[in-house]
Amino acid sequence: SIRVAIRVRPFNAREAARGCRCCVEMEGNRVVLNNERDRGANEDGKRFFSFDHCYWSHDRSCDNYASQATVYNELGKFALDNAVSGYNVCLFAYGQTGSGKSYSMIGEEDEKGIVPRVVQDLFKYMESQKDENVAFEVVTSMTEIYKEKIFDLLNPSLSGRSNSDLRVREHPKHGPYIEGLTAMTANSYAEIERQLAFGYRARSVASTNMNDASSRAHTIFSIKFCQTSLEQLQTGFARETKKVSHINLVDLAGSERQSSRQLSGVEQARFKEGIAINKSLSALANCIFALYKQSQSNLKEKIHIPYRDSQLTWLLKESLGGNAKTIMLAAISPADINYEETLSTLQYASRAKRIKTNAIVNEDTNDRIIRELRAEIERLRRQVAGQQVPSPVSEADLEVQRLRQQLQESQKMIEQMNQHWNEERRSKQLSRSSMGGLSFSGNGLYIDDQMCPQLVNLNEDPLMTECLVYFLSPGLTIVGSEVEDVEGDNNSIPLVSQTIAPHHCRIQSEGGQVTIEPIEGALTFVNGRRIDEATLLRQGNRVMVGTSHIFRFNDP
Ligand SMILES: Nc1ncnc2c1ncn2[C@@H]1O[C@H](COP(=O)(O)OP(=O)(O)OP(=O)(O)O)[C@@H](O)[C@H]1O
């Protein structure tokens, strides 16, 4: 379920000057609203709401005062821990204008909020995991949805509102995304801090009755976090595991009451912004309501969730009802003059609590099974160790035996998984070689396997040169015109021409060395010299098989 937290701020200057009464109390994870004139409240004028977390930030002198660090330690750390485990996470701040959303998300110079703290701890995590077999990548982007238009806050050409708005598209697997959005790689916390400062300066902010610096748009700061680790297997292969998670930190524009009185020019502009903000927030409310209904319903039929009704809900689709662990931080004012807005925020948040998302670790399926089996083995090992106290009780012996058996079974499964993984990799390599070993990226052509030695074709036609890459996996590779039937674990390279024998030559790759040997004197040349025995290949050697297949040997 979506995790929901409520935070109440101190009185602002205006509320203090008007001598407002505090209408909010917090008891553990329960919020109590007080208003004797509220007809929906109980006879004591109270309404009760429970949430996953309640943060009392109204009065610093109270024992239960929740500081920026307290809020981060629960919400931000939860988001970060899940992102590190490979889940998509989304943390969004909701609430009336001036209720404290930006304060919680961004914070102030010496009271940093969730966003900078998440980034800081993300870099600390990467530092702590530094290892030559692990690589990390952090890519950030920052957008603003202002009056239903999407702007790129990290685009340096941004000047005023002239930056043309961007479009949302939908990826069949990963869901909606913004086309053409600037994505920046960051190598340090300081870099992201600069990006954040730049992006936040470019936001649409204006002074309103409720807040001197009110965000007039929704701001989304996104981090794509990739973790690639390389594991050396006993089989000689190196297994690459990749986990990618998307962290979306969303500071929503504040909901506000619309006035029907005569408005001045500036007020008119704020009023129009307010309409757009309320429109997208009500689209969000409608999605939350539909998702809430879906969670209540036992019906098989699916309820339509109106994600498409606003850019905001469309972009948050995966975070609300899809593949993400989502946290909603609802900020409220303590003042009685804002009672209605506070009540509506709490009702909104109560509904969100019931929404269930469907978060999964974003990694290769085989990686997931292997990871789960490893965890299982570890658990069983610990259990076996725990049970090994000498005991005459035969029941304990039986338990140890059962655990041992389970452990063996899990170990066997993991071996099979690794074997299966290797086979898959090999078959991918074979299909790559039969396709000419080509891989395409958006930027053109690249050879995506730098780990194996390779034979790269050379051709009189420069356009045809280096178009074919044969990857030489550890073990034996048979080259010939009829190699479909090569047995066991052996690999094959099929070549067709009159001068190629059915089984023409053997290429052995072992312990980092590769040799080539003709079979029954078949025509094979290394650097123009005919060979008749196993010959060691060196980086850059020219290899000719028959009279028309020429390659360069590449050993990365
Ligand atoms: N927990 C808090 N402790 C101290 N001051 C706070 C707290 N929360 C909010 N404030 C102060 O209240 C004012 C309004 O907060 P903030 O700008 O975060 O509201 P907001 O919900 O983001 O408003 P808007 O929707 O208009 O952008 C700011 O001056 C901020 O410093």
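Residue indices begin at 1 and follow the sequence shown. Whatever order the structure lists ligands and atoms in, that order sets their numbers, starting from 1.
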*Asks:* What atoms of ligand 1 come within less than 4.0 Å of a heavy atom belonging to G254?
*Replies:* 25 (O)
*Asks:* Could a heavy atom of Q68 be found less than 4.0 Å from some atom of ligand 1?
*Replies:* no
*Asks:* Set out, in order, the CA-CA distance, both residues' side-chain angles and the distance that settles side-chain contact (heavy atoms from CB on, under 4.5 Å) for E170 and K317, then state yes or no.
*Replies:* CA-CA 10 Å; E170 185 162 22; K317 183 181 172 217; 2.9 Å; yes
*Asks:* How many angstroms lie between CZ in R14 and OG in S333, if you round to the nearest 0.5 Å?
*Replies:* 9.5 Å
*Asks:* List every atom of ligand 1 that sits less than 4.0 Å from any heavy atom of S57, numbering the atoms from 1 in the order shown and giving each element.
*Replies:* 1 (N)
*Asks:* So if I count the atoms of ligand 1 from 1 in the order they appear, which ones are less than 4.0 Å from some heavy atom of E108?
*Replies:* 30 (C), 31 (O)
*Asks:* With respect to atom 6 (C) of ligand 1, which of Y94, Y103, Y55, W56 exhibits the smallest heavy-atom separation?
*Replies:* Y103
*Asks:* Could you tell me whether the side chains of E193 and Y189 share a donor-acceptor contact shorter than 3.5 Å?
*Replies:* yes
*Asks:* Hey, does R9 come in under 3.5 Å of ligand 1, counting only N/O atoms on both sides?
*Replies:* no
*Asks:* Quick one: which ligand 1 atoms are inside 4.0 Å of a heavy atom on S102?
*Replies:* 18 (O), 20 (P), 22 (O)
*Asks:* May I ask you to check whether A253 has an N/O atom sitting below 3.5 Å from an N/O atom of ligand 1?
*Replies:* no
*Asks:* Just which atoms of ligand 1 are under 4.0 Å from any heavy atom in Q96?
*Replies:* 21 (O)
*Asks:* Please work out, at 4.0 Å between heavy atoms, whether the side chain, the backbone, both, or neither of S104 comes within that distance of ligand 1.
*Replies:* neither
*Asks:* Would S99 count as a contact residue for ligand 1, given that I'm defining contact as a non-hydrogen atom of the residue lying under 4.0 Å from a ligand atom?
*Replies:* yes
*Asks:* Can you see whether N248 engages S222 through a side-chain donor-acceptor pair at a distance of less than 3.5 angstrom?
*Replies:* yes
*Asks:* If you measure from OH on Y94 to NE2 on H218, what distance do you get to the nearest 0.5 Å?
*Replies:* 10.0 Å
*Asks:* Within 45 degrees of the axis of the six-membered ring of F78 and under 6.0 Å from its centre: does R3 put its NZ or CZ there?
*Replies:* yes
*Asks:* Can we say E191 and R194 salt-bridge, meaning some charged N sits less than 4.0 Å from an Asp/Glu carboxylate O?
*Replies:* no
*Asks:* Of all the heavy atoms in E111, does at least one lie under 4.0 Å from an atom in ligand 1?
*Replies:* no
*Asks:* Would Q227 and Y125 count as having a side-chain donor-acceptor pair, cut-off 3.5 Å?
*Replies:* yes
*Asks:* Would G98 count as a contact of ligand 1 if the rule is a heavy atom under 4.0 Å away?
*Replies:* yes
*Asks:* When you check the gap from the basic side-chain N to the acidic O, do R60 and E111 get nearer than 4.0 Å?
*Replies:* yes
